[in-house]
Engineer: 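Mind looking over this structure? Questions follow.
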Amino acid sequence: MEETILNALERTEKPKIVRAAGFIPGVIYGDGVAQASSVKFEAMALNKILTKHGSNAKVWVKYGSNKRFGFIKDIQRNPIEGKVIHIDVQLVSEDQEVRMQLPITFNGRAELEHKSLFLQVNKSDIEVLGKASLIPDGVVFDVSEKQLGDTVTIDDFNLDKQIKANDREDEIYAVVIAQKQQIEEEPAEEKIAE
């Protein structure tokens, strides 16, 4: 497993000052930590991790002389700009069971559109329970080979056998439907009364 390292520095300043200095305020807590610690993360490094691994990224947090395994538990964003303004990281042992919401990415939508089909997404995430080290950052599924009326269910995701999906077994995450034909009608000519 590739180690994604996130450096955390002690934070004593107010969040606004931390952000102005190019950092993102946050909190680390969990396994082996007596109490939650206020920290700050370098904004550029954190944004690279979020871009590459998503909002549930598994990370190794380096804080002082310690390096602990964990995952990003919560991200707060500015509602207008969408920028990350605060982050929570939960530290866990790699074999600890955790419950997570994983985002689902559906690839191959363009191929469906070429067949005049459309993917109607009913649910864009899946709740799972399993060892922290086995849980992926997200689920990616290719829908390009799907046909009209096909559905996407838990069985399509090929999750590790040790990861249990907490959603219903018959949960339908997406359905392939026909694209709606938009018929452009010519405006009726107005009859002029003479």
Engineer: Quick one: do I126 and L134 end up in the same hydrophobic cluster if we chain Ile, Leu, Val, Met, Phe, Trp and Tyr together by side-chain heavy atoms under 4.5 Å apart?
Structural biologist: yes
Engineer: What's the separation between atom CZ in F157 and atom CG in L102, rounded to the nearest 0.5 Å?
Structural biologist: 10.0 Å
Engineer: Look up atom NZ in K67 and atom CG in N7, then write down how far apart they are to the nearest 0.5 Å.
Structural biologist: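 Result: 10.0 Å between the selected atoms.
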Engineer: Over all heavy atoms of both residues, which pair between A132 and F69 is shortest? Give the atoms and the distance, please.
Structural biologist: CB-CE2, 3.6 Å
Engineer: Restricting to non-hydrogen atoms, name the atom on I28 and the atom on F41 that form the minimum distance, rounded to 0.1 Å.
Structural biologist: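 For I28 versus F41, the nearest heavy atoms are CG2-CZ, 4.1 Å.
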Engineer: At their closest point, which heavy atom of A165 faces which heavy atom of I154, and how far apart are they?
Structural biologist: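 The answer is CB-CD1, 3.9 Å.
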Engineer: Below 4.5 Å, heavy atoms only, C-beta onward: do K123 and D167 meet side chain to side chain?
Structural biologist: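 K123 vs D167: side chains touch.
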Engineer: Could you walk me through whether I24 and V18 satisfy the side chain to side chain contact (heavy atoms under 4.5 Å, CB included) test, starting with their C-alpha distance in whole Å, then the side-chain angles of each, then the deciding distance to 0.1 Å, before giving a yes or no?
Structural biologist: CA-CA 6 Å; I24 295 174; V18 170; over 6 Å; no
Engineer: Run the side chain to side chain contact (heavy atoms under 4.5 Å, CB included) test on K131 and Q162 for me, step by step, so that the C-alpha distance in whole Å, both residues' side-chain angles and the decisive distance to 0.1 Å come before the verdict.
Structural biologist: CA-CA 8 Å; K131 290 183 179 179; Q162 297 178 54; 4.3 Å; yes
Engineer: Taking NZ, NE, NH1 and NH2 as the nitrogens, is one of them in K40 or E10 under 4.0 Å from a carboxylate oxygen of the other?
Structural biologist: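 Judged by the 4.0 Å cut-off on N to carboxylate O distance, K40 and E10 do not form a salt bridge.
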Engineer: For the backbone of S144 and the side chain of K115, can you confirm whether one donor and one acceptor N or O come within less than 3.5 Å of each other?
Structural biologist: yes
Engineer: Taking a hydrophobic cluster as the set of Ile, Leu, Val, Met, Phe, Trp and Tyr residues connected by side-chain heavy atoms closer than 4.5 Å, whether directly or through intermediates, do W60 and V98 fall within one such cluster?
Structural biologist: yes
Engineer: For F141 together with Y173, are the ring centres under 6.0 Å from each other?
Structural biologist: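 No: the rings miss the under 6.0 Å criterion.
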Engineer: Are side-chain heavy atoms of I5 and V59 found at a separation under 4.5 Å?
Structural biologist: no
Engineer: Looking at I80 and N78, what are the two nearest heavy atoms and their distance?
Structural biologist: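 Nearest pair, atom of I80 first, then N78: N-OD1, 2.7 Å.
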Engineer: Distance-only, no hydrogens or angles: does the R68 side chain make a donor-acceptor pair with backbone N or O of K62 under 3.5 Å?
Structural biologist: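 Judged by distance alone, no pair lies under 3.5 Å.
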Engineer: Answer with yes or no whether the hydrophobic clustering places L148 together with V152; edges join I, L, V, M, F, W, Y residues whose side-chain heavy atoms lie under 4.5 Å apart.
Structural biologist: yes
Engineer: State the OG1-CD1 distance between T51 and I49, to the nearest 0.5 angstrom.
Structural biologist: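 So the gap between those two atoms works out to 10.0 Å.
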Engineer: Which value, rounded to the nearest 0.5 Å, describes the distance between N122 atom CG and I172 atom CD1?
Structural biologist: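 Reported value, rounded in 0.5 Å steps: 7.0 Å.
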Engineer: Among residues two or more places apart or on two chains, list those pairs meeting side-chain hydrogen bond (donor to acceptor under 3.5 Å, both in side chains) that have a residue in residues 81-93.
Structural biologist: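 Non-adjacent pairs meeting side-chain hydrogen bond (donor to acceptor under 3.5 Å, both in side chains): H86-D88, S93-D95.
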Engineer: According to a 4.5 Å side-chain heavy-atom criterion applied to Ile, Leu, Val, Met, Phe, Trp and Tyr, with indirect links allowed, do I87 and F23 form part of one hydrophobic cluster?
Structural biologist: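 Not linked; separate clusters.
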Engineer: Okay, side chain of N47, backbone of M44: is any donor-acceptor separation there less than 3.5 Å?
Structural biologist: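 Side chain of N47 to backbone of M44, a donor-acceptor pair under 3.5 Å: no, none is there.
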Engineer: Measure across S55 and I72 and return the closest heavy-atom pair with its distance rounded to 0.1 Å.
Structural biologist: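 What the structure gives for the nearest pair is O-CG2, 3.4 Å.
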Engineer: Under 4.5 Å between any side-chain heavy atoms of L91 and V61, yes or no?
Structural biologist: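 With C-beta onward as the side chain, the pair touches.
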Engineer: Is the closest side-chain heavy-atom distance between R99 and E127 below 4.5 Å?
Structural biologist: yes
Engineer: Between D142 and G108, which heavy-atom pair has the shortest distance, and what is it?
Structural biologist: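 Minimum heavy-atom contact is OD1-CA, 3.8 Å.
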Engineer: Under the side chain to side chain contact (heavy atoms under 4.5 Å, CB included) rule, what do F106 and V140 come out as? Steps first, then yes or no, please.
Structural biologist: CA-CA 6 Å; F106 295 101; V140 177; over 6 Å; no
Engineer: Are V175 and L119 connected in a single hydrophobic cluster, I mean Ile/Leu/Val/Met/Phe/Trp/Tyr linked by side-chain heavy atoms less than 4.5 Å apart?
Structural biologist: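 No; tracing contacts between hydrophobic side chains, which count when under 4.5 Å, never links both residues.
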Engineer: Judged by atom type as modelled, is there a donor-acceptor pair below 3.5 Å linking the side chain of R11 to the main-chain atoms of G26?
Structural biologist: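 Yes; at least one donor-acceptor contact below 3.5 Å.
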Engineer: To the nearest 0.5 Å, how far apart are NZ in K146 and CG in L112?
Structural biologist: 10.0 Å
Engineer: Rounded to the nearest 0.5 Å, how far does CD1 of I163 lie from CD of E97?
Structural biologist: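 Rounded to the nearest 0.5 Å, the CD-CD1 separation comes out at 10.5 Å.
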Engineer: Between I85 and R19, is any pair of side-chain heavy atoms under 4.5 Å apart?
Structural biologist: yes
Engineer: Are any non-hydrogen side-chain atoms of L117 and Q179 less than 4.5 angstrom apart?
Structural biologist: no
Engineer: Is there a side-chain contact between T4 and K48 (heavy atoms, below 4.5 Å)?
Structural biologist: no
Engineer: Can K58 be said to sit on top of F71's aromatic six-ring, NZ or CZ under 6.0 Å from centre and within 45° of the ring axis?
Structural biologist: no
Engineer: Looking at side-chain heavy atoms only, is the closest gap between V143 and D150 below 4.5 Å?
Structural biologist: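 Heavy-atom side-chain distance check fails, nothing below 4.5 Å.
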Engineer: Decide side chain to side chain contact (heavy atoms under 4.5 Å, CB included) for N166 and V128; before the verdict, give the C-alpha distance in whole Å, the side-chain angles of both, and the deciding distance to 0.1 Å.
Structural biologist: CA-CA 5 Å; N166 286 337; V128 297; over 6 Å; no
